[in-house]
Amino acid sequence: MYDVIIIGAGPSGLTAAIYTTRANLKTLVLAGPTWGGQLMLTTLVENFPGFPDGILGPELMQNMRKQAEKTGAEIKDIEFKSADFSRQPFEIVAGEDKFTAKSVIVATGADARWLNVPGEKERIGRGVSSCATCDAAFFRNKNVIIVGGGDSAMEEALVLANVATSVKLVHRRSEFRASDIMQKRVKENPKITTVLNSEIIEVLGENRVQSVKLKNNQTNEVIDLPIDGVFVAIGHIPNSKRFTGIDVDKEGYILPKDHFHTNVEGVFVAGDVHDRQYRQAITAAGYGAAAALEVQNWLATK
Ligand code: NAP
């Protein structure tokens, strides 16, 4: 019987584990076969405090994992399958095994939605990115594309315009779905131009991004556009599908009640699986710490 099972081993899950183990709670982390979260797909991380020269995303995650293991977390690289939250203690199935726990922290994160076009996946971290806040600084005085028509795309275009020479905002329709205020800011920025009714159909380049094939979906014209970076901001997919009985919003983000509790007593949530707004490694880690402290309080009252 574990005091707490943490599902997910990105910044939020591993930070939660560091806190729960240091509070002497018997902790199991179900990391899954591809543990580490979105930072495993990035190169240099320059905005995580404590690393003045930056740190590689996978190295940062290795360090977090090592720290969680050192403080006593048991970490299993097996995939979470299902949970019975209808009675306590909770029963969790992962891999071929069954585990029981008094409490659970869901920290399964979210995955960036990608275009899924040829040449994109292999250039993630080599000119293709899903986070301007994280990677804009690598595109100082370069020409970049941002794809999407929602608030994220507008926000990221503005972040990029602070450093890049030019920003092309590529959207598949003739209208943006972003809020008026965000659209206005983008329109007023002289570095940003919009390319409507258009889709990237291929990302090209030796080793890193050098150009894209851009198709106008009204005329079917395809052009080769030289470019240094492609930022994809077409939404995220929260990893919440397997949690039956846990309340989510219409897009699948888990709905936290006060203090990181879900609608099920004893089940807490932390990180990008509930946070649609900030989505940073440091905020996810902060949520992990907070959820772990709430678990401690909750177990103490039991
Ligand atoms: P979103 O609102 O769902 O917008 C996604 C955009 O990506 C849409 O314009 C969509 O096109 C496009 N898209 C989806 N799949 C695509 C594909 N395969 N190829 C090309 N384009 C594709 O997502 P979001 O912008 O990440 O925002 C999520 C939520 O967070 C929203 O509620 C938003 O308001 C909120 N948010 C708010 C702020 C802020 O207020 N500052 C900042 C960020 C996010 P279509 O329009 O054609 O469907």
Side-chain angles (χ1 to χ4, degrees), residues 5-17 29-43 45 47-48 57-58 60-61 64-65 79-83 94 104-116 120-121 124-125 128-135 146-156 159 177-178 230-257 260-263 267-292:
I5 290 182
I6 298 168
I7 306 172
S12 63
L14 291 173
T15 304
V29 180
L30 295 173
T34 54
W35 70 279
Q38 293 182 63
L39 281 192
M40 299 303 262
L41 300 176
T42 59
T43 49
V45 178
N47 57 3
F48 201 94
L60 178 58
M61 294 319 301
M64 284 193 204
R65 182 173 176 138
E79 194 165 0
F80 164 77
K81 287 195 174 148
S82 63
V104 166
I105 299 176
V106 178
T108 42
D111 293 327
R113 206 185 286 277
W114 296 101
L115 298 169
N116 287 323
E120 177 193 44
K121 279 264 152 71
I124 294 172
V128 174
S129 168
S130 62
C131 179
T133 311
C134 320
D135 295 335
I146 171 102
V147 186
D151 282 327
S152 296
M154 305 295 137
E155 204 167 67
E156 305 239 314
V159 169
R177 70 168 60 225
V230 175
F231 285 78
V232 180
I234 59 171
H236 283 76
I237 307 166
N239 296 315
S240 62
K241 274 209 183 88
R242 293 188 185 172
F243 298 99
T244 38
I246 303 289
D247 287 350
V248 296
D249 69 13
K250 63 180 187 332
E251 283 161 61
Y253 287 92
I254 290 180
L255 289 167
K257 295 166 77 163
F260 304 97
H261 232 124
T262 67
N263 57 306
V267 180
F268 296 76
V269 64
D272 286 14
V273 71
H274 88 269
D275 168 31
R276 62 162 70 240
Q277 189 162 6
Y278 302 111
R279 299 193 297 243
Q280 301 299 300
I282 187 66
T283 47
Y287 285 130

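Computed from a predicted model, the values in this text were never measured in an experiment.
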Quiz item: So L115 and I234, side chain to side chain contact (heavy atoms under 4.5 Å, CB included) or not? Walk me through it.
Solution: CA-CA 8 Å; L115 298 169; I234 59 171; 3.9 Å; yes
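- Side-chain contact between L30 and I5 is present, with at least one heavy-atom pair separated by less than 4.5 Å.
- Here the side chains of D151 and R177 are not in contact, with every heavy-atom distance at 4.5 Å or above.
- Checked against side-chain contact (heavy atoms from CB on, under 4.5 Å), A270 has the following partners two or more places apart in sequence or in another chain: S12, I105, Y287, A291.
- The minimum heavy-atom distance linking A281 with P11 is given by the pair O-CB, 3.6 Å.
- In this structure, I124 CD1 and Q38 CD are separated by 10.0 Å, a value rounded to the nearest 0.5 Å.
- Here the shortest heavy-atom pairing between H274 and P256 reads CD2-CG, 3.5 Å.
- Identified under the side-chain hydrogen bond (donor to acceptor under 3.5 Å, both in side chains) test for residues 232-244, with sequence neighbours left out: E79-R242.
- Legend: residues meeting ring-ring contact (aromatic ring centres under 6.0 Å, His included) with F80, ordered by chain and number and at least two apart, are F243.
- The side-chain contact (heavy atoms from CB on, under 4.5 Å) test applied to A132 returns E156, V159, L160, F231, not counting sequence neighbours.
- For H261 and F268, the ring centers are positioned less than 6.0 Å apart.
- Between I246 and V267, the closest side-chain pair of non-hydrogen atoms falls below 4.5 Å.
- Side-chain contact between L255 and N263 is absent, with no heavy atoms from C-beta onward closer than 4.5 Å.
- Side-chain contact between C131 and Q280: present, with at least one pair of heavy atoms (C-beta onward) separated by less than 4.5 Å.
- With sequence neighbours excluded, the residues that form a side-chain contact (heavy atoms from CB on, under 4.5 Å) with Q277 are D275.
- No side-chain donor-acceptor contact under 3.5 Å links D135 to the backbone of V128.
- Among all heavy-atom pairs drawn from A153 and I146, the shortest one is O-CG1, 3.9 Å.
- To the nearest 0.5 angstrom, N47 atom CG is 5.5 Å from C134 atom SG.
- T262 places none of its side-chain heavy atoms less than 4.5 Å from the side chain of D247.
- By the 4.5 Å heavy-atom criterion applied to side chains, P238 and E251 are not counted as neighbours.
- Sequence neighbours left out, the pairs with a member in residues 107-116 that pass side-chain hydrogen bond (donor to acceptor under 3.5 Å, both in side chains) are N116-K121.
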Quiz item: What do the steps show when you test R65 against V29 for side chain to side chain contact (heavy atoms under 4.5 Å, CB included), and what is the final call?
Solution: CA-CA 10 Å; R65 182 173 176 138; V29 180; over 6 Å; no
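- Here the OG1-CG distance, from T283 to D272, works out to 6.5 Å after rounding to the nearest 0.5 Å.
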Practice problem: Report the C-alpha separation of Y253 and R276 in whole Å, then their side-chain angles, then the decisive distance to 0.1 Å, and conclude whether the side chain to side chain contact (heavy atoms under 4.5 Å, CB included) test is met. | Solution: CA-CA 7 Å; Y253 287 92; R276 62 162 70 240; 3.7 Å; yes
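- In this structure, G10 and M61 approach most closely via the heavy-atom pair C-CE, 3.5 Å.
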